[in-house]
Protein chains: 2
Amino acid sequence: MISKKTKYALKALIYLAREYDRGPILIADLAREERIPKKFLELILLALKNAGVLQSKKGKGGGYYLAQSPREISMGKVIRTLEGPLAPVPCVSETAYARCEECDDEWSCGIRLVMKEVRDAMAQILDNATLADVLERIEQEKQKKDGVLFYAI
Amino acid sequence: MISKKTKYALKALIYLAREYDRGPILIADLAREERIPKKFLELILLALKNAGVLQSKKGKGGGYYLAQSPREISMGKVIRTLEGPLAPVPCVSETAYARCEECDDEWSCGIRLVMKEVRDAMAQILDNATLADVLERIEQEKQKKDGVLFYAI
DNA sequence: CATTAAGACTACTAAATCGATAGGCTAAAA
DNA sequence: TTTTAGCCTATCGATTTAGTAGTCTTAATG
């Protein structure tokens with residue numbers, strides 16, 4: 001299960017993607033709209049900024065905005081920033097490989113073989129799901145729902 | 001990342017699968033062979049027993065053994081027992097659905113749509129990877145390695 | 001240039017989880 | 001009835017999670 005922190009981050013980024021190219025958004029507005037504790041959100045946005053996902057402007061008229069277009073920011077990047085590597089075991093991580101302490105023969109570790117498949121499948125999905133994709137899919141779902149509503153009436 | 005508990009469980013089960021139909025195995029032997037803290041392993045095996053994965057015999061000549069054949073025990077089952085649902089968010093879990101507290105419109109939640117894909121991909125892999133499969137794959141890898149060694153000499 | 005708006009940074013805390021240990025209880029053989 | 005081996009509960013220290021508080025810094029602007 002992903003943490004609340006990561007969920008908050010994704011919500012905030014989807015919000016910022018929707019408002020893309022409308023200038024900086026205030027933390028306070030984001031917090032209110034998405035119902036995220038403001039001070040907590042501050043820390044999250046800061047982490048995303050340090051990871052190069054967001055940029056910010058201080059002082060009056062300041063706020064946060066995406067560092068790249070919504071097409072270029074993937075859920076994989078966001079989750080890795082806040083949650084750490086996608087891999088279920090460190091020995092199959094592409095971005096943060098580490099040996100599993102007590103595995104004496106990594107190359108014939110059965111757990112590793114299966115977990116490598118899992119990490120590849122996750123990365124495949126999450127690294128290809130950009131904020132723009134997510135926005136699109138939300139719209140599609142809303143239209144589907146309207147369709148159902150149409151028939152229901 | 002999966003917990004040590006789950007890794008220990010998988011190691012123990014792979015060991016028991018290899019010794020399948022050779023009668024009960026002592027916790028102490030398992031602990032020594034797989035280098036798992038004995039008392040900790042006790043709790044893990046007990047949990048697996050309560051989940052129906054293992055059976056046990058008390059007293060002299062006792063120990064633990066698989067409740068089903070290695071063909072019928074999947075890594076998905078084991079991970080769900082010790083780690084909880086595979087799903088990254090509760091609202092996409094098939095085995096333990098729960099609403100995400102602060103999601104007002106689940107059906108047009110973008111996070112949910114992507115996470116559903118992730119959970120399905122994970123379940124596909126982990127529910128189809130049985131202990132028997134894992135044993136087979138370990139053997140395959142060992143032979144591959146021997147092949148390389150053959151050419152290297 | 002003083003004020004004010006807004007993010008940046010550090011520290012702290014309560015509660016939960018993780019990894020592990022301790023010790024007594026119960027069941028089954030011999 | 002003694003020994004063997006699993007069953008069960010409690011406890012513990014370290015880490016992580018979710019969140020709060022307060023101060024510092026930077027940038028507009030009147």
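Numbers restart at 1 for each chain; the letters A, B, ... are given by sequence-line order, proteins then strands. Just so you know, these numbers use all the heavy atoms, side chains as well, and skip hydrogens, waters and symmetry mates.
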Please report, rounded to the nearest Å, how far the P atom of D:dC24 is from the CG atom of A:L46.
18 Å
Please confirm whether the shortest side-chain N or O distance from B:K57 to OP1 or OP2 of C:dA27 is below 4.0 Å.
no
Rounded distance in Å - CE (A:M1) to C1' (D:dT16)
17 Å
Scanning both residues in full, the closest heavy-atom pair of B:L54 with B:L66 reads CD2-CD2, 3.7 Å
Whole-Å gap separating P (D:dC8) and CD1 (B:I44):
16 Å
Salt-bridge test for B:E141 and A:R112: reply yes if a basic N is under 4.0 Å from a carboxylate O, no otherwise.
no
For A:R137, give me all partners under salt bridge (charged side-chain N to carboxylate O under 4.0 Å, His left out), at least two apart in sequence or on another chain.
B:E117
Nucleotide C:dA27, atom C1' - distance to NZ of B:K58 in whole Å
4 Å
Closest-nucleotide 5' rank along DNA chain D - winner of A:K39 and B:G62
B:G62
Could you report the tightest heavy-atom contact between B:L26 and B:G62, atom names first, then the distance?
CD2-O, 3.5 Å
What is the distance from NZ of A:K38 to P of D:dG22, rounded to the nearest Å?
14 Å
Write down the distance between CG (A:L82) and C1' (D:dG19), rounded to a whole number of angstrom.
15 Å
Give a yes or no on whether a salt bridge exists between A:R35 and B:E101, defined as a side-chain N under 4.0 angstrom from a carboxylate O.
no
Do A:T130 and A:E72 have side-chain atoms, one donor and one acceptor, less than 3.5 Å apart?
no
NZ of A:K7 versus C1' of D:dG19: gap in Å, rounded?
16 Å
Using the 3.5 Å cut-off, write out each protein N or O paired with an N or O of nucleotides 16-20 of chain C and the distance between them.
from   : atom 1 : to   : atom 2 : distance (Å)
C:dG19 : OP1    : B:K4 : N      : 3.2
C:dA20 : OP2    : B:Y8 : OH     : 3.2

Please work out which residues in residues 19-27 of chain A have a non-hydrogen atom less than 4.0 Å from an atom of DNA chain D and list them by number.
none
Any A:K60 side-chain nitrogen or oxygen under 4.0 Å from OP1 or OP2 of C:dG7:
no
Distance in angstrom units between A:E42 CD and C:dA5 P, rounded
16 Å
Inspect the contact between A:D127 and A:R80 and indicate whether a charged nitrogen and a carboxylate oxygen are less than 4.0 angstrom apart.
yes
A:K49 side-chain N/O to C:dA8 phosphate OP1/OP2 under 4.0 Å
yes
A:L41 to A:A12 - nearest heavy-atom pair and separation
CD1-CB, 4.2 Å
In plain terms, say whether B:K116 and B:E94 are close enough for a salt bridge, that is, a side-chain N and a carboxylate O under 4.0 Å apart.
yes
